[in-house]
Structure formats: structure tokens, C-alpha cells
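These numbers were taken from a predicted model, which means no experiment stands behind them.
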Amino acid sequence: AGDEARPHVVAIDYGAKDNIFRNLVRAGAKVTVVPAKTSLEEVLALKPDGVFLSNGPGDPAATGTYAVPVIQGLLERDIPL
């Protein structure tokens, strides 16, 4: 199937191994990987069907400052996570 038929998943990379992203593609998704500090507006501009939040550093507080507002914004818009 072409890209149009595949769900578009924006994967926010908090430090995941590439194999996780390969498995999303293998499962049938079109995947766009963005860096951990990508803003909510930048994620929304990609028009995702869903957002994948990768695993990341051992200390969640390290990403909390920039990750929490983005995740809250996605939840408020009912975008599947």
C-alpha cells in the first residue's frame, strides 16, 4: 500500500533504539521520527494519526520539562498515543 493508506505515526525520540522504529514500520505505519525537544506545534504540523512516545533516559525528570507540555497538548487533542 502507498503511504496514504498507512497510518502516519510521529515518533518522539527520547533515546530509543532504532529497532523500535523499524518495528513500527514493519507493523504498517508510516513513521516520522522527531527529536525529544520537538514542540507540540511542530508535531501537530506533521498531521499524525497517532504519536509514539519512545522510552528514554533512566531519569524521567531529565525530559519532563519539555516532554510533559507536549504530551499534555496531545492528550487534550485526543491524538492516540
Colleague: Would you please name every residue forming a side-chain hydrogen bond (donor to acceptor under 3.5 Å, both in side chains) with Arg77, sequence neighbours left out?
Modeller: none
Colleague: Same hydrophobic cluster for Val10 and Leu75, using side-chain heavy-atom links shorter than 4.5 Å among ILVMFWY?
Modeller: yes
Colleague: Apply side-chain hydrogen bond (donor to acceptor under 3.5 Å, both in side chains) to Thr32 and list each qualifying residue two or more places apart in sequence or on a separate chain.
Modeller: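 Expected list: His8.
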Colleague: Linking Ile, Leu, Val, Met, Phe, Trp and Tyr through side-chain heavy atoms less than 4.5 Å apart, which residues share a cluster with Val31?
Modeller: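 Other cluster members: Val9, Ile20, Phe21, Leu24, Val25, Val33, Phe52.
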Colleague: Any sub-3.5 Å donor-acceptor pair from Asn19's side-chain atoms to Arg22's backbone N or O?
Modeller: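 Such a contact is absent between Asn19 side chain and Arg22 backbone.
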Colleague: Is Leu46 linked to Leu44 within one hydrophobic cluster, defined over Ile, Leu, Val, Met, Phe, Trp and Tyr using a side-chain heavy-atom separation of less than 4.5 Å?
Modeller: yes
Colleague: Is any side-chain heavy atom of Thr38 closer than 4.5 Å to one of Ile12?
Modeller: no
Colleague: To the nearest 0.5 Å, what is the distance between CG (Leu53) and CD1 (Ile71)?
Modeller: 5.0 Å
Colleague: Return each pair, listed once, that meets side chain to side chain donor-acceptor pair (under 3.5 Å) where at least one residue sits in residues 42-51; pairs must be two or more places apart or across chains.
Modeller: Ser39-Glu42
Colleague: Closest heavy-atom contact between Ser54 and Gly15?
Modeller: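 Minimum heavy-atom separation between Ser54 and Gly15: OG-N, 3.8 Å.
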Colleague: Provide the closest heavy-atom pair for Pro7 versus Gly28 in the form atom of the first, atom of the second, distance.
Modeller: CD-O, 3.6 Å
Colleague: Is the shortest heavy-atom distance from the side chain of Val51 to the side chain of Val70 under 4.5 Å?
Modeller: no
Colleague: Would you give the length of the straight line joining atom CG of Asp13 to atom CG of Asn55, rounded to the nearest 0.5 angstrom?
Modeller: 8.5 Å
